[in-house]
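First the structure, then my questions, so here it is.
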2 protein chains.
Amino acid sequence: MSKTPVWKSIALSLTSDIAEGRYGTGDRLPTEAQLAAKHGVNRHTVRRALSDLADQGLVHARRGAGVFVAARPTDYPIGKRVRYHRSISASGKIPGKTILALTTRAADEVEAEALGLNVGNTVHVYDGLSLADGQPIGLFQSVFPAERFPDILTALADTHSVTKALQICGIADYTRISTRLTARAATATQALHLHLSEGAPVLYSVGINADPDGQPVEYGRTVFAGERVTLTLNDGDN
Amino acid sequence: MSKTPVWKSIALSLTSDIAEGRYGTGDRLPTEAQLAAKHGVNRHTVRRALSDLADQGLVHARRGAGVFVAARPTDYPIGKRVRYHRSISASGKIPGKTILALTTRAADEVEAEALGLNVGNTVHVYDGLSLADGQPIGLFQSVFPAERFPDILTALADTHSVTKALQICGIADYTRISTRLTARAATATQALHLHLSEGAPVLYSVGINADPDGQPVEYGRTVFAGERVTLTLNDGDN
DNA sequence: ATCAACTATACAACTAGACAAATATTACAC
DNA sequence: GTGTAATATTTGTCTAGTTGTATAGTTGAT
C-alpha cells in the first residue's frame with residue numbers, strides 16, 4: 001500500500017509542527033528518544049527524519065544539547081532573493097554582535113608587526129560573533145595596543161562596537177589600510193560558532209585599521225560563513 | 001573525513017596561543033568559564049582540552065587559583081605558510097594563463113544584467129586557467145558583449161590577456177566597478193583544474209569591469225584555490 | 001539474491017547542573 | 001598597618017542526559 005518510509009512521515013510531521021508554530025525558532029525539539037517513543041520507532045529512524053530536516057536547513061542539532069529549530073523560516077533562495085551581502089568596510093559595524101571574550105595578553109609576532117609594537121607588548125583583545133537575523137555570519141577577533149587604548153575593553157563592553165569604542169578612546173575616524181582574503185576550511189570550533197559542519201568553506205579576512213596619521217589602531221581577523229556571506233567590494237563610491 | 005573532537009581543536013588553539021607568545025611562561029590563562037564562553041562550549045569540554053595540555057606538561061592548574069602556563073612547547077608544528085598574494089585589482093590580469101575555451105553563445109540572465117544587455121544577446125566567452133610558478137591558482141570565465149567587441153576572441157587568442165584584448169578593441173582603460181567574494185567548496189571539475197581535492201575551500205569572485213564612461217565591458221567570474229591564494233586589497237591607492 | 005528500511009546495542013563526545021575544595025578578594029575590627 | 005572573618009572565584013568531581021557514530025541483525029519487497 002503506502003510506500004512512504006516511516007522516517008519521511010515523521011519528517012513531514014515535524015515540518016508541519018514547525019511550520020504551524022508549535023515549535024518556534026530557536027526552540028528545542030523533544031529529544032530523539034522522546035520522539036522515537038512518541039512515534040513508536042527506533043531512535044535511528046527519528047534520526048533519519050531529523051537529518052532530512054537538517055539538510056533542508058530547518059533544524060540544527062548540537063551534540064549533547066539537543067535539536068533546535070533553525071532561525072531560517074523561509075526556504076532556500078534561488079537567485080538573489082536572500083542577500084547576505086556585507087561590505088568589507090562595514091564588516092566591523094554589523095549590528096547584532098555578541099561578545100565572546102575580552103582579554104588582555106601579550107602580542108604575538110604577527111600582531112606586533114601589524115600594530116607597530118614589539119613582541120610581548122600587551123594588547124587588548126575582543127573576541128566576538130557577528131549575527132544577522134539571529135544567524136551567526138562571522139567570528140572575529142580585534143586586537144588593540146593596550147598602551148595606547150588602556151580603557152578600550154570597558155568601552156567595547158559598553159558599546160559592542162569597535163568604531164564607537166575607538167571614538168571613546170579618542171579616535172574620531174580610522175581607515176582600513178590593508179585587507180587580505182582567502183578561503184579556508186572551517187575548524188571544529190569555528191564550525192561550532194558559525195553553525196557549520198567542519199571543513200565547510202569559510203572566508204578568512206585579515207585587516208589593519210589605522211588612524212588618519214597612518215598609525216595602526218586595530219588588527220582584525222574575521223572568519224565568515226561562506227554559505228551565508230558574500231563580501232561586496234564597492235570600488236566606486238558608497 | 002577528519003572528525004576532530006572540539007576539545008582537540010581548543011587544545012590546539014591554546015597550544016598555539018602559548019607557542020606564539022600570547023601567554024608567556026607563568027601567565028595565568030583565562031578561567032575555564034571564560035574559555036568555554038569564548039569557544040562556545042561547555043566548561044567540561046574546555047577542561048578536557050586543558051587536561052590534554054596538562055598531560056603534555058604545558059600548563060598546570062591550581063584549584064581555586066587558575067591554570068598557569070608551565071612551559072613552551074618544544075615542537076610546535078607550524079603549518080606551511082603559503083604566501084601567494086594576488087591583488088584583487090589584478091585578478092583578471094594575472095600572467096601565466098592558459099586558454100581552455102573561446103566560445104560564442106547567448107547571454108544568460110545574470111550576464112545580461114551585469115553587462116547591460118538583453119537575455120539572449122550574443123556574448124563572447126573566455127574560459128581560462130591562471131597559473132603562478134606553474135601551479136594553477138585560478139579558474140576564470142570572462143564574458144564580453146559580442147556586439148560591441150566582435151573580434152575580441154581573436155585578440156584574446158593572440159594575447160591571452162583581457163587587458164590587451166580590450167585595448168585592441170578600443171578600450172584603452174577600464175575599471176572594476178563591483179566585486180563580490182565568497183567562499184565555496186570546490187566542485188569536481190574545479191578541483192581537477194586547480195589540483196585540489198573535491199570540497200576544498202575556494203574563493204569565488206564575481207566582478208564587473210567598465211570603461212571610463214561606466215559602460216560594462218566584461219563580466220568575470222574566478223574560482224581561486226583557497227590554499228594557494230590570498231587576495232590583497234589595496235585600499236590605499238586612492 | 002539483493003537492497004532499502006528499520007531495529008538493537010554499545011560507546012564516544014558533549015551538555016547540563018550541582019556541589020565540594022582550594023584559593024583570592026574584600027570588609028572590618030583592632 | 002595587621003590579622004581575621006566573610007564572601008566571591010575558580011578548579012575538581014560527580015551524576016545524568018543528549019546527540020553522533022559504528023556495528024550487527026531483522027524484515028519485506030522486487
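Below, chains carry the letters A, B, ... as their sequence lines are ordered, and counting in each starts from 1. All values reported here derive from a predicted model rather than from experimental measurement.
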Reading DNA chain C from 5' to 3', where do the contacts with chain A start and stop? Cut-off is 4.0 Å to heavy atoms. dA5(C) to dT15(C)
Could you work out how much the helix from dA1(C)-dT30(D) to dC30(C)-dG1(D) bends, comparing the axis of its first five pairs with that of its last five, to 10°? 20°
Rounded to whole angstrom units, what separation is found between the CG atom of L35(B) and the P atom of dT10(D)? 12 Å
Side-chain donor or acceptor of T175(A) paired with backbone N/O of I177(A) under 3.5 Å: no
So, for L58(A) and I18(A), which heavy atoms are closest and what is the spacing to 0.1 Å? CD2-CG2, 4.4 Å
Flag the pair Y126(A) / F140(A) as yes when their ring centroid distance falls below 6.0 Å, and as no otherwise. yes
Ion pair check, R221(A) and D127(A), cut-off under 4.0 Å: no
Side chain to side chain contact (heavy atoms under 4.5 Å, CB included) between F68(B) and D27(B), worked out: CA-CA 6 Å; F68(B) 299 84; D27(B) 283 4; over 6 Å; no
How many angstroms lie between CZ in R28(B) and OH in Y23(B), if you round to the nearest 0.5 Å? 11.0 Å
Under 3.5 Å, is there a donor-acceptor pair between the side chain of N42(B) and the main chain of T45(B)? no
Sugar-phosphate, base or nothing in reach of R43(B), heavy atoms under 4.0 Å: base
Donor + acceptor pair across side chains of E198(A), T4(B) (<3.5 Å): yes
Spacing between L53(B) atom CG and dT11(D) atom C1', to the nearest angstrom: 15 Å
Under a plain distance cut-off of 3.5 Å, with no hydrogens placed, do T189(A) and H39(B) share a side-chain donor-acceptor pair? no
Between C1' on dT21(D) and CD on E198(A), what's the gap in Å once rounded to a whole number? 15 Å
Take atom CG of L50(A) and atom C1' of dT19(D), then tell me their distance rounded to the nearest Å. 10 Å
Heavy atoms under 4.0 Å, any strand shown: does R62(B) hit a base, just sugar-phosphate, or nothing? sugar-phosphate
Which whole-number value in Å describes the distance from N42(B) CG to dT15(D) P? 17 Å
Residue pair F68(A)/R48(B) against DNA chain C: nearer the 5' end by closest nucleotide is R48(B)
Take atom NE2 of H44(B) and atom P of dG12(D), then tell me their distance rounded to the nearest Å. 11 Å
